[in-house]
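We count ligands from 1, going down the list as the structure has it; atoms in each ligand are counted the same way. Positions are given from 1 along the sequence.
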Amino acid sequence: MSAEVAVVEAGNVIGGERRPAADGQTFESRNPARHAEVVGVVPRSGAVDVDAAVRAAADALPGWRRTPWPRRGEIILRAGLLLEQRKEELARLMTREMGKVLVEARGDVQEGIDMAKYIAGQSRLPFGDTVPSELPDKWAMTMRQPLGVVGIITPWNFPIAIPTWKLFPALLAGNAVVFKPAEDTPLCALRLVEILEEAGLPAGVVNIIFGLGPEAGEPLVRHPGIAAVSFTGSVPVGRRISEICGPLLKRCSLELGGKNAIVVMADADLELAVDGALWGAFGTSGQRCTASSRLVVQRRVLDQFTDALVARVSRLRLGDGLVEGVDVGPVINEKQLRRIHGYTEIGRDEGGRVLIGGEVASQGELGQGWFYLPTVFADVRADMRIAQEEIFGPTTAVIPVESLDDALAVANDTTYGLSLALYTRDLRTAFRAIDELEAGIVYVNAPTIGAEIQLPFGGIKSTGNGHREAGLVALDQFSEWKSIYVDYGGRLQRAQIDT
Ligand code: NAP
């Protein structure tokens with residue numbers, strides 16, 4: 001048996017110790033390319049385990065909070081350098097655990113490395129403001145303070161990158177963390193936390209609770225010791241978390257789904273647009289919050305664009321992401337496979353025409369995993385469910401439009417607002433799109449995927465509740481501003497009165 005197929009049995013990480021669930025239950029993580037293959041066995045935690053983790057984090061908080069920012073930054077930097085050293089090993093584990101092809105798994109780890117370096121660099125930046133007071137002999141300034149113990153809940157589609165977007169800024173700001181990763185990718189999360197430990201993070205500052213959303217995630221959100229929740233995942237779960245946090249007046253930041261579109265204008269470089277659509281729609285088997293699941297194409301180039309796209313899709317190779325030359329890996333699990341095919345049936349019933357794909361792929365070795373043929377729908381109207389709802393699979397819908405006005409209206413006609421793109425050679429068209437596309441992220445002549453960590457990441461409308469990750473604003477989610485006035489006049493000075 002090669003090292004790659006050894007089953008890892010792991011415990012929760014609580015106060016630096018490895019612990020089983022209090023009731024001894026476990027669950028498995030399996031390879032979606034060969035679902036008979038068990039990758040890991042981890043605790044199926046409940047409220048008792050969550051409570052133990054929150055207590056461990058609360059114990060570790062005072063020491064961590066007092067650790068100077070640059071020292072905290074150095075630990076994060078060391079974690080980034082360890083991620084760099086282990087990039088290949090982590091990428092291979094990721095491909096086995098959630099299926100994305102190896103080249104993309106390496107990119108996922110790289111995003112974590114970039115984030116570590118970027119956040120570590122912020123540890124010596126001047127965060128607060130020193131501003132003039134309206135009164136003499138008075139000093140006025142601001143500083144960031146940690147929130148306390150924060151709960152972090154993440155999805156499986158970026159099993160290293162997304163946790164680093166949350167963990168690194170939360171830690172730099174001086175918080176302690178209880179982390180509930182997705183049930184489909186527990187081992188990637190564990191490896192990341194082990195790296196933080198190896199980098200010198202004191203025990204208890206980050207604790208992992210493995211488990212299922214309602215059993216482990218929800219008690220974490222509700223726990224009175226959790227000051228804030230940072231969540232990335234679907235709209236229904238985000239809404240649920242928001243409903244729990246609302247009456248508790250608990251801060252929660254939600255990064256949710258998308259129904260992203262690429263607009264292709266008639267004057268675009270069509271070859272470039274087809275390249276972008278292929279990568280945007282089928283990268284990570286379409287399982288990205290920024291996936292290009294709508295292609296809004298000006299009718300004058302509709303046939304030319306669609307024919308070229310379908311020809312390229314027909315050459316995509318499906319398979320185990322560890323195999324050289326494979327372009328598209330499996331989808332995450334059986335439930336998601338059924339859901340994706342359900343949308344194909346919905347699309348057909350609504351009058352959409354499947355140009356290619358539209359089936360579960362089960363020939364040969366593909367039958368051992370959860371594979372879906374890359375699918376392109378034509379004759380789609382903007383109001384159809386396949387043009388409105390997030391499918392989260394390798395399915396994209398071509399929507400014809402007549403004009404730029406029409407294209408912008410269709411692109412904006414969704415409850416989501418994460419990522420929108422437009423291909424054109426006309427500068428005026430590009431700048432109108434930049435101004436009028438309703439999304440947190442806009443691309444010109446590039447697909448809807450490919451965000452870089454030095455800019456804010458997040459969406460408007462139902463994609464979130466107004467927060468951003470990454471960029472210089474990364475710390476906002478995980479810190480409070482404190483305003484400080486120091487009066488050294490030796491007499492009472494009354495603001496707004498002693499003018
Ligand atoms: P999900 O089903 O919402 O799950 C996300 C996380 O929440 C998982 O850890 C899940 O645990 C947990 N969870 C489930 N129910 C919960 C509950 N009642 N209370 C607390 N936690 C709960 O999403 P997913 O299927 O993992 O990920 C796909 C979704 O994430 C898509 O909608 C995608 O667009 C979105 N996403 C958004 C971004 C962004 O930045 N905007 C980035 C990536 C993905 P289990 O694993 O046990 O279910």
Checking heavy atoms under 4.0 Å, the part of Phe158 that sits near ligand 1 is neither
Closest non-hydrogen protein atom to atom 35 (C) of ligand 1, residue and atom name please, with distance? Gly233 O, 3.2 Å
Starting from atom 42 (C) of ligand 1, find the nearest protein heavy-atom neighbour and note its residue, name and distance. Cys289 SG, 2.9 Å
Any donor-acceptor pair under 3.5 Å linking the side chain of Asp320 with the backbone of Ala33? no
CG-CG distance between Leu278 and Asp327, expressed to the nearest 0.5 angstrom: 8.0 Å
Would the number of heavy atoms belonging to other residues, nucleotides or ligands and lying under 6.0 Å from CZ of Arg251 be above 12? yes
Per-atom contacts, ligand 1 versus Ile162 - under 4.0 Å to a heavy atom: 42 (C), 43 (C)
Could you tell me whether some N/O pair between Glu183 and ligand 1 is separated by less than 3.5 angstrom? yes
If we only consider heavy atoms of Ile332, is any one of them less than 4.0 Å away from an atom in ligand 1? no
Can you name the atoms of ligand 1, numbered from 1 with element, that are less than 4.0 Å from a heavy atom of Glu255? 37 (C), 39 (C), 40 (O), 41 (N)
Assess the side chains of Trp156 and Gln287: does a donor N or O sit below 3.5 Å from an acceptor N or O? no
The answer for which part of Thr232 has a heavy atom under 4.0 Å from ligand 1 is both
Salt-bridge test for Arg191 and Glu194: reply yes if a basic N is under 4.0 Å from a carboxylate O, no otherwise. yes
Among Ile208, Leu83, Leu90, find the one that has a side chain to side chain contact (heavy atoms under 4.5 Å, CB included) with Leu192. Leu83
Hey, does Ser45 have a side-chain heavy atom less than 4.5 Å from the side chain of Asn12? yes
Polar proximity ligand 1 side, Trp156 side, N/O cut 3.5 Å exclusive: yes
Just going by heavy-atom distances, which of Phe392, Phe231, Phe457 is nearest to atom 33 (C) of ligand 1? Phe392
Which ligand 1 atoms does Leu212 reach within 4.0 Å, using its non-hydrogen atoms? 47 (O)
Heavy-atom proximity to atom 17 (C) of ligand 1 ranks first, among Gly213, Ala182, Ser234, Ala189, for Gly213
Would you mind listing which atoms of ligand 1 come within a distance below 4.0 Å of any non-hydrogen atom of Val237? 3 (O), 13 (N), 14 (C), 15 (N), 16 (C), 17 (C), 22 (C)
Do any nitrogen or oxygen atoms of Lys180 lie less than 3.5 angstrom from nitrogen or oxygen atoms of ligand 1? yes
Nearest option to atom 43 (C) of ligand 1, as decided by whichever heavy atom of Val221, Ile153, Asn333, Asn157 sits closest: Asn157
Under 4.0 Å, heavy-atom basis, I'd like to know which part of Leu256 is in contact with ligand 1: side chain, backbone, both or neither. backbone
Which atoms of ligand 1 have any heavy atom of Gly217 under 4.0 Å away? 19 (N), 20 (C), 21 (N)
Look at ligand 1 and say whether Gly211 reaches it with a heavy atom at a distance under 4.0 Å. yes
Compare all side-chain heavy atoms of Gln336 with those of Ile340 and state whether any distance is below 4.5 angstrom. yes
Tell me the protein heavy atom at minimum distance from atom 8 (C) of ligand 1, and give that distance in Å. Thr154 O, 3.3 Å
Could you check atom 27 (O) of ligand 1 against the protein and tell me its nearest heavy-atom contact, residue, atom and distance included? Pro155 CB, 3.3 Å
Flag yes if more than 12 heavy atoms outside Arg239 fall under 6.0 Å of its CZ atom; otherwise flag no. no
Is it the case that Arg288 places NZ or CZ above or below the six-membered ring of Trp279, under 6.0 angstrom from the centre and within 45 degrees of the axis? yes
Side chain to side chain contact (heavy atoms under 4.5 Å, CB included) between Gln25 and Glu215: does it pass, once the steps are laid out? CA-CA 12 Å; Gln25 289 201 64; Glu215 296 171 6; over 6 Å; no
Rounded distance [0.5 Å steps], CD in Gln122 versus CG in Leu475: 5.0 Å
Distance (rounded to the nearest 0.5 Å) between Leu125 CG and Ile119 CD1: 10.0 Å
Please check atom 4 (O) of ligand 1 for a protein heavy-atom neighbour under 4.0 Å. no
Starting from atom 18 (N) of ligand 1, find the nearest protein heavy-atom neighbour and note its residue, name and distance. Glu218 OE1, 2.9 Å
Cationic tip of Lys100 above Phe158 ring, under 6.0 Å, 45° of axis: yes
Taking heavy atoms and a distance under 4.0 Å, where does Glu390 meet ligand 1: side chain, backbone, both or neither? side chain
